[in-house]
There are 2 protein chains.
Amino acid sequence: MVKLPLYIAVIAAAFTIPRMAAAAEEDALLKQAQEIFQPLPKDMATAEFPITRERVELGRSLFFDPRLTIDANMSCSSCHQPAFYGTDALAKPTGVRQRPHPRHVPTNLNAGTSFVIHWRGDRTNLEDQVFQALTSPITSGQPDEKAVIDRLSGIPGYAPLFKAAFPDEPQPMTLRNIAKAIGAYERRLVTPSPFDAYLAGNREALLPAARTGLEKFISTGCVACHNGVGVGVGGGMYQKFGVVEDYWKATGSNPIDKGRIDVTKDPADLYVFRVASLRNVAMTPPYFHDGSVATLPEAVKVMARVQLGVTLSDADTRDIVAFLESLTGELPANFATAPVLPSGAVAPVK
Amino acid sequence: MVKLPLYIAVIAAAFTIPRMAAAAEEDALLKQAQEIFQPLPKDMATAEFPITRERVELGRSLFFDPRLTIDANMSCSSCHQPAFYGTDALAKPTGVRQRPHPRHVPTNLNAGTSFVIHWRGDRTNLEDQVFQALTSPITSGQPDEKAVIDRLSGIPGYAPLFKAAFPDEPQPMTLRNIAKAIGAYERRLVTPSPFDAYLAGNREALLPAARTGLEKFISTGCVACHNGVGVGVGGGMYQKFGVVEDYWKATGSNPIDKGRIDVTKDPADLYVFRVASLRNVAMTPPYFHDGSVATLPEAVKVMARVQLGVTLSDADTRDIVAFLESLTGELPANFATAPVLPSGAVAPVK
């Protein structure tokens with residue numbers, strides 16, 4: 001071994017000590033993260049909502065099929081577009097026949113991790129959301145179950161798919177089963193990310209800036225709401241938007257959405273919304289229930305200000321954004337790729 | 001070797017002779033088909049419209065990007081849906097802001113094989129079609145080039161893609177280049193089918209019913225228009241719809257489209273349309289310029305009746321449909337799978 005001159009050994013030691021301290025800090029950060037967050041499971045099946053291959057296949061076709069809706073020109077995938085990670089890049093989408101949706105499209109990726117569905121929690125789970133959407137005047141425009149089932153019955157390829165997905169039922173083509181099938185499909189749409197690899201113990205899965213951002217995300221207090229309950233880094237609770245300051249003063253929102261109070265009529269729910277999951281958040285601008293903020297750095301600053309009373313520096317914001325970027329996973333292949341749908345034209349008006 | 005009783009040898013010979021005759025007929029059919037039709041090339045590049053990897057990548061993103069259009073909620077893929085082989089299963093689509101399109105959506109698959117674009121041939125090639133669509137009031141709603149480019153300029157990820165695709169141009173983000181890029185992408189969207197394998201000499205690539213159907217397709221006279229000019233089994237010429245009988249008496253069309261005369265003002269063009277390519281026709285109901293016929297067997301019978309004065313039996317129709325089904329190719333992977341688009345929200349109205 002080469003003997004080093006003393007001054008070089010001293011310099012080397014000076015670099016080694018902080019590095020050792022840094023390593024200990026890194027270990028502590030990982031341990032802390034593992035206590036706060038949970039990695040994504042491989043799917044979101046439950047006893048009530050099991051996943052079968054046949055339900056997923058049927059659900060995937062229905063998800064992409066515009067023939068479910070009144071003019072046969074909008075599908076679930078019209079707003080939940082693969083190309084935008086299950087969103088649509090708009091502040092608020094337009095539904096059938098130019099009818100405006102009142103709120104921003106949340107991504108359907110990892111949506112099965114959320115404790116309730118929709119910004120105000122007025123859908124209990126994915127299946128409830130789909131079931132209600134199928135006859136919603138804005139989302140679907142179909143007046144009732146019969147109208148939807150009549151349309152599907154006219155497409156010969158669907159009957160065997162329903163039969164395979166619900167083999168014990170004499171009449172499997174129902175709104176409830178459409179909802180179960182699309183629900184089963186969506187419960188498979190999970191996107192493990194570098195952050196999940198980190199939580200599994202691989203510190204190098206996060207870039208240094210992302211680890212710094214994680215530390216700031218924790219120390220700033222973001223984890224009070226965006227934590228492991230529900231595994232979505234959010235999606236596990238309700239919270240008032242604007243704890244410290246009225247949210248619209250920071251977002252410029254107009255109109256001002258009163259949130260969950262309009263669902264429950266409980267004054268405690270004024271300006272209360274479901275905490276959004278932050279998984280894939282870097283891929284899904286614009287932000288908030290009304291899409292009022294266009295970029296992620298701006299959204300991070302708004303949240304720190306109105307929820308925590310903190311004014312984040314540009315450097316801190318950059319680090320937190322680097323952490324949030326580590327929540328981006330790969331698009332699931334069976335979402336990125338459209339199925340070939342059962343063939344059948346919608347009857348033309350002559 | 002086992003010696004067969006005479007009566008068995010006689011029976012065997014009785015089966016062998018027709019089989020030999022059938023083999024000769026099969027050879028003749030293949031030879032005839034090779035004279036009439038041409039297999040698909042691997043792409044539709046031309047000297048004027050070359051294909052580069054960078055143009056295809058840019059064009060693919062633009063094809064799927066709804067932010068090109070006025071309300072940022074319709075893309076090329078809204079009507080040319082992968083799930084429906086580049087069509088939309090509707091008689092006629094609805095464009096932006098509920099504005100009705102006057103004619104049925106032709107598939108964009110293999111569209112580069114067509115000698116002109118659109119039902120009336122009023123677009124000279126794919127690039128001309130895209131260029132005009134970008135500011136069409138129905139397809140796009142954008143008033144002018146500036147509006148489209150302003151939108152794209154607000155999405156940071158696009159500038160490098162344009163620079164890579166058009167490296168010699170100081171200002172590559174133009175409508176002309178959008179058209180060239182989407183054109184390059186579409187010129188790659190070819191779908192070789194069992195029929196192409198057959199034309200290459202593999203007789204077994206077609207099922208017996210399809211070979212019978214091919215023979216009837218030729219002998220009935222369909223190949224007068226649906227032939228190898230333009231390699232699309234159609235897409236190579238204009239023809240009057242309703243040579244023998246007014247087309248609307250067979251299709252029930254209402255209103256009655258006068259066809260190319262409205263473009264050229266030439267009386268000879270009354271009820272004249274571009275002959276449609278039949279590639280993937282089994283996957284793209286409904287049929288004709290107005291989507292007035294819902295199923296392929298019905299469409300085949302209508303064509304035989306109004307173009308050739310032939311009343312096809314159900315059996316003949318089934319065989320011809322079996323042949324047409326052999327024109328279905330696999331969806332190209334870079335069409336079936338949506339790209340992840342450059343991130344960027346469309347500015348919300350506050």
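Proteins get letters first, then strands, A, B, ... in listed order; numbering begins at 1 in each. Keep in mind it's a predicted model, so treat the numbers as computed, not measured.
Annotation: maximal heavy-atom pairing with chain B below 4.5 Å, among A:A282, A:P342, A:A72, A:A333, occurs at A:A72.
For A:L90, the part lying near chain B is the side chain, with the backbone staying farther off; criterion is any non-hydrogen pair under 4.5 Å. Proximity to chain A is absent for every atom of B:F335, based on heavy atoms less than 4.5 angstrom apart.
Under the side chain to side chain donor-acceptor pair (under 3.5 Å) criterion, B:R103 pairs with B:D257, not counting sequence neighbours. Shown here are the side chain to side chain donor-acceptor pair (under 3.5 Å) partners of A:R97, two or more places apart in sequence or in another chain: A:D71.
A donor-acceptor pair shorter than 3.5 Å cannot be found between the side chains of A:D314 and A:T317.
The interface of residues 75-84 of chain B with chain A, defined by heavy-atom distances below 4.5 Å, comprises B:Q81, B:P82, B:A83, B:F84.
A:Y158 is not listed as a side-chain neighbour of A:I178, based on a closest heavy-atom distance of 4.5 Å or more. Looking only at side-chain heavy atoms (C-beta outward), B:L68 and B:L152 come within less than 4.5 Å of each other. Contact annotation: the side chain of A:F273 never approaches that of A:F288 to less than 4.5 Å [non-hydrogen atoms, C-beta and beyond].
Contacts classified as salt bridge (charged side-chain N to carboxylate O under 4.0 Å, His left out) and involving residues 318-338 of chain A (residues at least two apart or in different chains) are given here: A:K216-A:D319.
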